[in-house]
Amino acid sequence: MSYDTHKTWFFQTVGRNIHLWQYVESNATDTLAGIRISLPDEYYGKQLIYPDESITAGLRFEGTAFVEPFVSVDPNELNGSAEPTLTNQTSPDEADHVNLTRMLSLAVVDYLKAMVSDSSGDLEKKEYYMREFWKKVGDDQSNKRRNFNVFPISPFAIK
Amino acid sequence: MTVLEMMERSGMKNTTLTVAFIKDAIHLMQSQVDVHTATWKTDIADGTREYPFPANMIRLKSVSIKDTTDSKYKRIRRLTHSPVVSEDTDPE
């Protein structure tokens with residue numbers, strides 16, 4: 001039975017795999033007159049071991065992923081007052097929508113312009129459009145955040 | 001925005017190439033920021049330490065292990081150094 005997993009389990013990334021380690025502080029025990037005692041000669045100490053138990057659906061990954069990149073309807077327009085019903089398009093064509101916000105869609109346009117400039121050998125233009133691409137991606141992210149900058153005002157500040 | 005509108009705005013002519021570039025752009029974005037996130041779950045086997053990343057995952061955000069005493073997934077930490085044991089041929 002796993003407990004305090006946030007304290008006793010660790011991971012390592014190795015190529016396309018993850019290695020799981022369990023932290024244990026153990027020694028061999030024996031039961032004497034109904035009382036469990038540790039055997040002093042068989043102390044294993046603190047160590048990292050391979051997972052010591054099977055857990056169904058025990059490992060959970062969270063990450064970014066390709067989730068329906070192309071859909072059949074505009075993902076930024078409400079269907080009346082309801083959220084749009086998005087259907088994944090596995091073989092996208094010109095009529096399909098890119099499943100991104102308007103700002104990220106504009107960023108993708110900049111990326112396409114950068115690729116057009118790249119194929120024509122205009123690297124200066126490519127760099128310009130890539131900067132615009134990342135700027136729009138940043139703008140889209142800042143739409144979700146609200147930061148306040150507070151500066152103390154000196155009592156003798158000249159205004 | 002439709003694929004056609006993106007082609008017209010950028011001056012791209014080839015639909016297949018445009019779709020490929022759009023996928024590249026999304027991949028690039030997802031490598032840096034959270035546009036679409038997902039979760040995946042897999043079984044842990046006793047004595048097995050190696051598990052592959054989900055095939056369609058782009059950037060790892062967190063790894064959690066199920067605490068079976070309270071049925072909650074708890075985030076685990078990354079090892080800051082490699083363990084002394086590189087392989088355990090008899091983990092049981």
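To find a chain, count down the sequence lines: A is the first, B the second, and so on, and within it residues start at 1.
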Undergrad: Using non-hydrogen atoms only, which part of A:Asn99 is less than 4.5 Å away from chain B: side chain, backbone, both, or neither?
TA: both
Undergrad: Is it the case that atom NZ in B:Lys74 sees more than 12 heavy atoms from other parts of the structure closer than 6.0 Å?
TA: yes
Undergrad: Between B:Thr37, B:Val84, B:Ile22, which has the largest tally of heavy atom pairs under 4.5 Å with chain A?
TA: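 Result: the option with the highest number of such pairs is B:Ile22.
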Undergrad: For A:Phe66, look at atom CZ and say whether over 12 heavy atoms of other residues, nucleotides or ligands are found less than 6.0 Å away.
TA: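 Yes, CZ of A:Phe66 has more than 12 neighbouring heavy atoms, counting only those of other groups under 6.0 Å.
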Undergrad: For chain B, which candidate among A:Gln22, A:Gln141, A:Glu77 shows the most heavy-atom pairs at distances under 4.5 Å?
TA: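 Answer, by heavy-atom pair count under 4.5 Å with chain B: A:Gln141.
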Undergrad: Test A:Asp122 against A:Ser120 for side-chain hydrogen bond (donor to acceptor under 3.5 Å, both in side chains), laying out the working first.
TA: CA-CA 6 Å; A:Asp122 193 342; A:Ser120 65; 5.5 Å; no
Undergrad: Which atoms of B:Tyr51 are under 4.5 Å from chain A, going by heavy atoms: the side chain, the backbone, both sets, or neither?
TA: both
Undergrad: So which of B:Ile65, B:Leu4, B:Thr39, B:Leu79 has the biggest tally of heavy-atom pairs under 4.5 Å with chain A?
TA: B:Ile65
Undergrad: Between A:Pro92 and A:Gln89, what is the shortest heavy-atom contact and its length?
TA: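 Answer, listing the atom of A:Pro92 first, then A:Gln89: CD-O, 3.9 Å.
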Undergrad: Are any of the side-chain nitrogens in A:Arg131 or A:Glu127 under 4.0 Å away from the carboxylate oxygens of its partner?
TA: no
Undergrad: Which atoms of B:Thr16 are under 4.5 Å from chain A, going by heavy atoms: the side chain, the backbone, both sets, or neither?
TA: neither
Undergrad: With chain B, which of A:His19, A:Lys113, A:Glu68 has the greatest number of heavy-atom pairs at distances under 4.5 Å?
TA: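 Going by pairs under 4.5 Å, I would pick A:His19.
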Undergrad: So what's closer than 4.5 Å to chain A heavy atoms on B:Leu28: side chain, backbone, both or neither?
TA: both
Undergrad: Which heavy atom in A:Ala114 sits nearest to a heavy atom in A:Lys126, and how many Å separate them?
TA: O-CG, 3.4 Å
Undergrad: Output the option from A:Val109, A:Ile18, A:Val67, A:Asp4 having the highest count of non-hydrogen pairs under 4.5 Å with chain B.
TA: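 The answer is A:Ile18.
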Undergrad: Looking at every heavy atom in both B:Pro52 and A:Asn17, which two are closest together, and how far apart are they?
TA: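 Nearest heavy atoms, B:Pro52 then A:Asn17: CA-OD1, 3.2 Å.
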Undergrad: Measure A:Ile49 against the heavy atoms of chain B and call it side chain, backbone, both or neither at under 4.5 Å.
TA: neither
Undergrad: So which of B:Asp43, B:Asp70, B:Leu60 has the biggest tally of heavy-atom pairs under 4.5 Å with chain A?
TA: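 The answer is B:Asp43.
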Undergrad: Under 4.5 Å heavy-atom distance to chain B, tell me which part of A:Leu104 shows up: side chain, backbone, both or neither.
TA: both
Undergrad: Measuring centre to centre across the rings, with the benzene-like ring taken for any Trp, is A:Tyr50 within less than 6.0 Å of A:Trp21?
TA: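 They qualify: ring centres under 6.0 Å apart.
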Undergrad: Side chains of B:Trp40 and B:Asn56: donor-acceptor distance under 3.5 Å anywhere?
TA: yes
Undergrad: Does any heavy atom of chain A fall under 4.5 Å from the side chain of B:Glu87, the backbone, both, or neither of them?
TA: both
Undergrad: Counting heavy-atom pairs closer than 4.5 Å to chain B, which one of A:Asp74, A:Asp96, A:Asp93 comes out on top?
TA: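 The option with the most such pairs is A:Asp96.
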Undergrad: Pick one of side chain, backbone, both or neither for B:Thr48, based on which atoms fall under 4.5 Å of a heavy atom in chain A.
TA: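 For B:Thr48, the backbone is the part near chain A, not the side chain.
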Undergrad: If you tally heavy-atom pairs under 4.5 Å against chain B, which of A:His97, A:Glu62, A:Arg16, A:Glu53 wins?
TA: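 Highest number of heavy-atom pairs under 4.5 Å: A:Glu62.
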Undergrad: Tell me, side chain or backbone of A:Ala57 under 4.5 Å from chain B's heavy atoms, or both, or neither?
TA: both
Undergrad: Heavy-atom cut-off 4.5 Å, strictly under: side chain, backbone, both or neither for A:Val137 against chain B?
TA: side chain
Undergrad: How far apart are the C-alpha atoms of A:Arg102 and B:Glu5, what are their side-chain angles, what is the distance that settles it, and do they pass the salt bridge (charged side-chain N to carboxylate O under 4.0 Å, His left out) test?
TA: CA-CA 12 Å; A:Arg102 187 80 182 167; B:Glu5 192 179 341; 3.7 Å; yes
Undergrad: Sort A:Tyr129 into side chain, backbone, both or neither according to what part of it lies under 4.5 angstrom from a heavy atom of chain B.
TA: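 Neither part.
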Undergrad: Out of A:Ala95, A:Ser119, A:Gly15, A:Ser54, return the one with the most heavy atom pairs under 4.5 angstrom to chain B.
TA: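 Option with the top pair count is A:Ser54.
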Undergrad: Write down the atom of A:Pro75, the atom of A:Pro84, and the distance for their closest heavy-atom approach.
TA: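 Heavy atoms of A:Pro75 and A:Pro84 come nearest at O-CG, 3.7 Å.
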Undergrad: Measure B:Thr80 against the heavy atoms of chain A and call it side chain, backbone, both or neither at under 4.5 Å.
TA: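 Interface part for B:Thr80: neither.
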Undergrad: Taking atom CZ of B:Arg75 as the centre, report whether more than 12 heavy atoms of other residues, nucleotides or ligands fall under 6.0 Å from it.
TA: no
Undergrad: Please rank B:Lys66, B:Arg49, B:Lys61 by heavy-atom pairs under 4.5 Å with chain A and give me the top one.
TA: B:Arg49
Undergrad: Could you check B:Asp67 against B:Tyr73 for side chain to side chain contact (heavy atoms under 4.5 Å, CB included), going step by step and ending with a plain yes or no?
TA: CA-CA 6 Å; B:Asp67 188 332; B:Tyr73 286 91; over 6 Å; no
